[in-house]
S.K.: 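Starting off with a structure, shown below.
Convention: sequence-line order gives letters A, B, ...; per-chain numbering from 1. Just so it is clear, the model here is predicted, and its values are computed rather than measured. These numbers come from the heavy atoms of this one structure, side chains and all, not from hydrogens, waters or symmetry mates.
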Amino acid sequence: MRNPLTMTRWSPYAVGAGIGVLSWATFGLMDKALGASTTMVRAAGMIEGTIAPDHVRENAYFAKYLVGSPGVEWQFALVVFLAIGALLAAKLGRSTRQPTVPDVWRARFGPSRALRFAGAFVGGVVMIFGARMAGGCTSGHGVSGGLQLAVSSWTFFGAMFVSGVAAAGLIYGLGAMGARKGA
Amino acid sequence: MFDTPLFASPGVLALGALTGLIFGFLLQKGRVTRFDVIVGQFLLRDFTVLKVMLTAIVVGGTGVWAMHQLGWVSLHVKGAALLANGLGGAIFGVGMATLGYCPGTGVAAIGDGARDAWFGLLGMLFGAAVYAEAYPWLNERILKVGDLGKLTLADAAHVSPWWFVAALAGIAVTVFALLERWEHRRIA
């Protein structure tokens, strides 16, 4: 059998089970739940705080996460190491870098890298705004909240999925819906 | 940050880092650090995201609820505010379909070599700052509508959580079997 670490891709069921078991460890050993989007608030507040510390301290939302609690905490370290874990997995599996302008995007918006980067930026703004309004993202609500059977999380999950399908149909065209991979 | 050190204790940071390292490794091996896989889910042509998430929920839920019933772990249920959860989720879906990553997979995608994910990260930081400014207004008008507290589906239905875990497991196995058949036929 091949060494799993050097395989390019794992079964999605194996990956899902691995994330499930990782959740046992975060609940059981660390008294934490997997999440990611709160870190964006802490990071944004810390960056903004270097220029306008009083403004950040007086903002009720930043204050919830940054007054009386460290900015760089458990989830912050988790998010930084997400990139390192993915880098390690990509190197060990010798996986090829994805194209800067993905095919689905290119088919609709052309080969411009600047347009793709602008789209990614705007998408990021909208996504985190929604995550903070809902109180979590695909990790905090989707996985952690989903497994705890939280009403908040299943409401988020349903709304996110329906909206994402509708948005993808509008953005990439109905012709791209349900098409074969690579077709 | 304010009135406290900037960094949590080294032990806490080390545990967070180890968790992130494993999580990021898994996300890359599962290919959910790829634009095509995330957007492919919303275009209903690649069901990797659903397979990963449902499996994580069923496996994770089985262990976490078992440990909870033994009194080993406390839950971290987020409070339900139905308007904010639903509207926020809908806004999130639009952003995720445009960016092609979610917050966690977006950071992992940077490690996986995706250049656009750097701009996604900048957008997320900017979006968080925008949200902080909008928070007082939203808190008055939206965030408290449909507030049910830290409610679980099992609490709401007044049944054991194991009914829901078992139902989710049954749904997952059925959906996966149908998906595998459908995908096999599509390739053939």
S.K.: Answer with side chain, backbone, both or neither: which region of A/Ser139 has an atom nearer than 4.5 Å to a non-hydrogen atom of chain B?
M.R.: side chain
S.K.: Can you tell me if CZ on B/Phe126 sees more than 12 non-hydrogen neighbours from other groups inside 6.0 Å?
M.R.: no
S.K.: Just wondering, are more than 12 heavy atoms of other shown residues or ligands nearer than 6.0 Å to CZ in B/Arg141?
M.R.: yes
S.K.: Is B/Leu15 in contact with chain A via its backbone, its side chain, both, or neither, using a 4.5 Å heavy-atom distance?
M.R.: both
S.K.: In terms of heavy-atom contacts, does CH2 of B/Trp163 have more than 12 from other residues, nucleotides or ligands at under 6.0 Å?
M.R.: no
S.K.: For B/Phe7, is the CZ atom crowded, meaning more than 12 foreign heavy atoms sit under 6.0 Å from it?
M.R.: no
S.K.: Quick one: which of A/Ala36, A/Ala43, A/Ala90, A/Ala63 has the most heavy-atom pairs under 4.5 Å with chain B, could you say?
M.R.: A/Ala90
S.K.: Looking at B/Lys150, I'd like to know if its NZ atom is crowded, meaning that more than 12 non-hydrogen atoms belonging to other residues, nucleotides or ligands lie closer than 6.0 Å.
M.R.: no
S.K.: Side chain, backbone, both or neither: which part of B/Tyr135 has an atom under 4.5 Å from a heavy atom of chain A?
M.R.: side chain
S.K.: Quick check on the interface: out of B/Leu27, B/Val39, B/Leu138, B/Thr152, who has the most heavy-atom pairs with chain A under 4.5 Å?
M.R.: B/Thr152
S.K.: Which answer fits A/Leu22, side chain, backbone, both or neither, if we ask what part of it has an atom under 4.5 Å from a heavy atom of chain B?
M.R.: side chain
S.K.: State whether the side chain of A/Ser152 and the backbone N or O of B/Lys78 hold a donor-acceptor pair below 3.5 Å, judged by distance alone.
M.R.: yes
S.K.: Where on A/Pro4 is there a heavy atom nearer than 4.5 Å to chain B: the side chain, the backbone, both, or neither?
M.R.: backbone
S.K.: Side chain, backbone, both or neither: which part of A/Phe157 has a non-hydrogen atom closer than 4.5 Å to chain B?
M.R.: side chain
S.K.: Which one, A/Ser11, A/Gly164, A/Gly140, A/Ala167, leads in non-hydrogen pairs under 4.5 Å with chain B?
M.R.: A/Gly164
S.K.: Given that the side chain runs from C-beta out, which part of A/Arg42 has a heavy atom under 4.5 Å from chain B: side chain, backbone, both or neither?
M.R.: neither
S.K.: Determine the option with the most heavy-atom pairs under 4.5 angstrom with chain B, choosing from A/Leu149, A/Ile19, A/Val79.
M.R.: A/Leu149
S.K.: What part of A/Lys32 gets within 4.5 angstrom of chain B, counting heavy atoms only: side chain, backbone, both, or neither?
M.R.: backbone
S.K.: Are any non-hydrogen side-chain atoms of B/Leu148 and B/Leu82 less than 4.5 angstrom apart?
M.R.: yes
S.K.: Specify which of B/Trp118, B/Phe164, B/Tyr101 makes the most heavy-atom pairs with chain A at under 4.5 Å.
M.R.: B/Tyr101
S.K.: For A/Asn59, is it the side chain, the backbone, both, or neither that has a heavy atom closer than 4.5 Å to a heavy atom of chain B?
M.R.: side chain
S.K.: Shorter than 4.5 Å, heavy atoms on both sides: which option in A/Val41, A/Leu88, A/Leu29, A/Thr39 has the most such pairs with chain B?
M.R.: A/Leu88
